[in-house]
Amino acid sequence: MDYNQSGSNNRNNRDNGQWDRWNSNASNSSYYNQPTHRPYGQAFSVAAAVCGLLSVTTCCTVILSLPLGALGILFACLAHRKGKRMSSACVTGLTLSIIGLASAALIMVYSLVMLPVLMKNETFRNQIDSMTEQIYGINFSDFMEQYYGYSFD
């Protein structure tokens with residue numbers, strides 16, 4: 001039997017434009033060139049770390065820190081697979097997101113609690129009145145009473 005005539009030889013299959021990966025030598029084998037898949041959730045782990053870092057650095061601006069912290073926690077939860085350990089980037093992102101979220105919430109609560117006490121300080125009240133007069137055309141006490149029904153006196 002002539003193998004060159006039947007087409008089962010590796011050389012003839014390559015000549016015909018086909019490649020027999022099972023009968024090839026090591027240099028032509030796809031075994032050595034197998035694509036490796038990226039670990040599941042690696043992009044979410046990096047996103048959690050970035051959002052956590054931004055949440056901590058922007059905790060003084062409560063408006064930015066709250067959504068970034070929440071997104072960091074969400075990405076960390078999406079990256080975590082059941083039965084597997086969290087990657088270090090995921091743990092870092094989760095930790096930083098919780099710290100940023102908690103510090104922004106504490107700053108917001110502290111500001112709301114301290115506002116009536118600060119309004120009794122004359123210099124602080126004059127600064128707030130001048131800013132609200134420039135923006136809204138009325139002082140801060142009138143603004144709070146008109147729009148929110150709250151009086152500081």
Practice task
Take atom CD1 of I63 as the centre, draw a 6.0 Å sphere, and report whether it contains more than 12 heavy atoms from other residues, nucleotides or ligands.
Solution key: no
Exercise for the section: Name all residues meeting the side chain to side chain contact (heavy atoms under 4.5 Å, CB included) criterion together with T61; count only those two or more places apart in sequence or in a different chain, and write none if there are none. Expected result: T58, L64
Handout entry: hydrophobic_cluster_shared for M144 and I138, side chain cutoff 4.5 Å
Key = yes
Problem - Y110 with V117, same ILVMFWY side-chain cluster at under 4.5 Å - result: yes
Completion exercise
Here the gap from D129 atom CG to M119 atom CE, rounded to the nearest 0.5 Å, amounts to 6.0 Å
Problem - Euclidean distance, C77 SG relative to M86 CE, rounded to 0.5 Å - result: 6.5 Å
Practice task
Check the hydrophobic clustering (I, L, V, M, F, W, Y; side-chain heavy atoms under 4.5 Å; chains of links allowed) and say if I99 and I73 are grouped together.
Solution key: no
Handout entry: Shared hydrophobic cluster for I98 and L96 (ILVMFWY, side-chain gaps under 4.5 Å)
Key = no
Fill in the blank from the handout: Tightest non-hydrogen contact, residues G93 and S97, listed as O-OG, 2.7 Å
Fill in the blank from the handout: Between the CG atom in L106 and the OG atom in S111, the distance rounded to the nearest 0.5 Å is 10.5 Å
Fill in the blank from the handout: Between the CG atom in L94 and the CZ atom in F75, the distance rounded to the nearest 0.5 Å is 13.5 Å
Completion exercise
Separation between OG1 (T123) and CZ (R125), nearest 0.5 Å, reads 12.0 Å
Practice task
Report whether Y147 and Y136 are members of the same hydrophobic cluster (ILVMFWY, side-chain heavy atoms less than 4.5 Å apart, transitive linking).
Solution key: yes
Exercise for the section: Look up atom CG in L71 and atom CG in L66, then write down how far apart they are to the nearest 0.5 Å. Expected result: 11.0 Å
Handout entry: Parallel, tilted or perpendicular, as decided by the 30° and 60° cut-offs, for the rings of Y148 and F143
Key = perpendicular
Problem - Verdict with reasoning, M131 to I128, per side-chain contact (heavy atoms from CB on, under 4.5 Å) - result: CA-CA 5 Å; M131 284 192 297; I128 293 292; 3.7 Å; yes
Tabulate below the donor-acceptor pairs under 3.5 Å that side-chain atoms of residues 47-56 make, not counting sequence neighbours, or state none.
{"unit_1": "S55", "atom_1": "OG", "unit_2": "S65", "atom_2": "O", "d": "3.3"}
{"unit_1": "S55", "atom_1": "OG", "unit_2": "S65", "atom_2": "OG", "d": "3.3"}

